[in-house]
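Computed over heavy atoms, backbone and side chain alike; hydrogens, waters and symmetry mates excluded.
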Amino acid sequence: AVLSRYGDVSTKEIWMTETGWSTAIGPGVTEEEQGAYFVQVNTWALANPDKVDRIFWYDLMNDRYANTLDWDPTAGEHNWGLIHSWTNTGNEPLPYSAKQSYVAASAFNSMMAGAQYADTIQLGDGIQAYRFQKNGEDLVVAWTTSSTTKTIRCSGSMNVTDMYGTTTNNLTTATLSECPIYIVC
């Protein structure tokens with residue numbers, strides 16, 4: 001309604017900027033949760049091209065205080081990155097090393113390259129599942145929205161890839177958690 005009031009809605013793009021979660025100890029999420037949220041929000045964006053045109057992750061690399069080389073693992077602002085910062089002051093992991101979320105982002109980019117959104121699948125309460133077409137096959141990205149794991153069954157076989165890119169072939173069941181999985185059937 002706001003866009004309509006100020007002009008032609010069809011020419012306006014919606015951009016999600018500075019999307020991310022901090023992995024700071026205390027106020028943040030774990031690296032695994034950061035990776036899961038990366039996959040979830042980017043899957044949602046691909047499945048909703050009418051709602052969002054571009055999405056930008058904040059940020060690539062952990063920060064540090066501008067006037068010092070020290071990195072603080074408890075500072076929310078220092079820990080938004082998908083990789084650790086370049087500093088090597090002894091209190092951060094290996095400089096430029098990948099967080100679990102970076103591995104999840106890399107697997108997402110590989111799995112979803114060339115995929116076209118088809119529809120949202122209803123698999124039950126608390127399950128998010130989006131079907132894409134890729135290379136003539138169905139590719140489903142699915143996860144639960146609660147801390148309870150759920151099992152889904154397939155009448156045939158499916159190949160299941162976890163959010164880090166490890167694939168298990170010829171399964172008839174898959175376990176869903178808050179960490180998204182990719183199902184090719």
J.: Say whether, by atom type as modelled, one donor and one acceptor occur between the side chain of Asp53 and the main chain of Ile14 under 3.5 angstrom.
T.: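 Yes, because the side chain of Asp53 sits within donor-acceptor range (under 3.5 Å) of the backbone of Ile14.
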
J.: With rounding to the nearest 0.5 angstrom, report the CH2 to CZ distance, Trp15 to Arg54.
T.: 5.5 Å

J.: Run the salt bridge (Lys or Arg N to Asp or Glu O under 4.0 Å) test against Asp119 and tell me which residues pass, sequence neighbours left out.
T.: Arg131

J.: Do Met163 and Phe38 have side chains that approach each other closer than 4.5 Å (heavy atoms only, starting at C-beta)?
T.: no

J.: Without swapping roles, check the side chain of Gln133 against the backbone of Gln116 for a donor-acceptor pair under 3.5 Å.
T.: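 It does not hold such a pair.
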
J.: Any idea which heavy atoms bring Ile83 and Ala98 closest together, and the distance?
T.: CG2-CA, 4.0 Å

J.: Apply the hydrophobic cluster definition, ILVMFWY joined by side-chain contacts under 4.5 Å directly or through others, and give me every member besides Ile127.
T.: Ile121, Leu123, Val140, Ile152, Met158, Val160, Leu171, Leu176, Ile181, Ile183

J.: Between Asn159 and Asn170 (side chain of the first, backbone of the second, donor and acceptor by atom type, cut-off under 3.5 Å), is there such a pair?
T.: yes

J.: Can you tell me how far OH of Tyr117 sits from CH2 of Trp44, rounded to the nearest 0.5 angstrom?
T.: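 That separation rounds to 11.0 Å.
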
J.: Mind listing the closest non-hydrogen atom pair of Ala107 and Tyr164 along with its distance?
T.: CB-C, 3.6 Å

J.: Test side-chain contact (heavy atoms from CB on, under 4.5 Å) on Met16 and Val41 and set out the steps.
T.: CA-CA 10 Å; Met16 290 175 59; Val41 74; 3.8 Å; yes

J.: Can you measure from CD (Gln128) to OG1 (Thr43) and round to the nearest 0.5 angstrom?
T.: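 With rounding to 0.5 Å, CD (Gln128) is 10.0 Å from OG1 (Thr43).
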
J.: In Å, rounded to the nearest 0.5 Å, how long is the span from CZ of Phe56 to OG1 of Thr17?
T.: 8.0 Å

J.: Just by modelled atom types, is the Gly81 backbone N or O under 3.5 Å from a matching donor or acceptor in the Asn62 side chain?
T.: yes

J.: By the rule that ILVMFWY residues connect when side-chain heavy atoms come within less than 4.5 angstrom, directly or transitively, which residues belong alongside Tyr58?
T.: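 Same cluster as Tyr58: Trp80.
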
J.: Has Lys150 got a side-chain atom pairing as donor or acceptor with Asp125's backbone, closer than 3.5 angstrom?
T.: yes

J.: Minimum heavy-atom separation for Gly76 to Ser22, with atom names?
T.: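 So the minimum-distance heavy-atom pair works out to O-OG, 2.8 Å.
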
J.: Working to the nearest 0.5 angstrom, can you tell me the gap between Trp57 CH2 and Tyr37 OH?
T.: 10.5 Å

J.: Return the minimal non-hydrogen interatomic distance between Cys179 and Ala36, and the atom names on each side.
T.: CA-CB, 4.1 Å

J.: Pick one: which of Glu33, Glu32, Lys99, His84 meets side-chain hydrogen bond (donor to acceptor under 3.5 Å, both in side chains) with Thr23?
T.: Lys99

J.: Check this for me: Asn109, atom CG, are more than 12 non-hydrogen atoms of other residues, nucleotides or ligands nearer than 6.0 Å?
T.: yes

J.: Determine the minimum heavy-atom distance between Asn79 and Ala24, stating which atoms define it.
T.: CB-N, 3.5 Å

J.: Sub-3.5 Å donor-acceptor pair from the side chain of Lys134 to the main-chain atoms of Val184, do we have one?
T.: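 Side chain of Lys134 to backbone of Val184: no pair is present.
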
J.: Nearest 0.5 Å, please: how far is OH in Tyr182 from CZ in Phe132?
T.: 9.5 Å

J.: For Glu178 and Ser146, work out which heavy atoms get closest and say how close.
T.: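 Taking every non-hydrogen atom into account, CG-O, 3.2 Å.
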
J.: Given Val141 and Met112, is the side-chain contact (heavy atoms from CB on, under 4.5 Å) satisfied, shown in steps?
T.: CA-CA 9 Å; Val141 185; Met112 301 308 291; 3.8 Å; yes

J.: Is the backbone of Gly35 close enough, under 3.5 Å, to the side chain of Ser101 for a donor and an acceptor to pair up by distance?
T.: no

J.: With the side chain counted from C-beta on, respond yes when Tyr96 and Met61 share a heavy-atom pair under 4.5 Å apart, and no when they do not.
T.: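 The answer is yes; the side chains approach within 4.5 Å.
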
J.: With the 4.5 Å side-chain cut-off for hydrophobic clustering, are Leu60 and Val39 part of the same group?
T.: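 Yes; Val39 is reachable from Leu60 via cluster members.
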
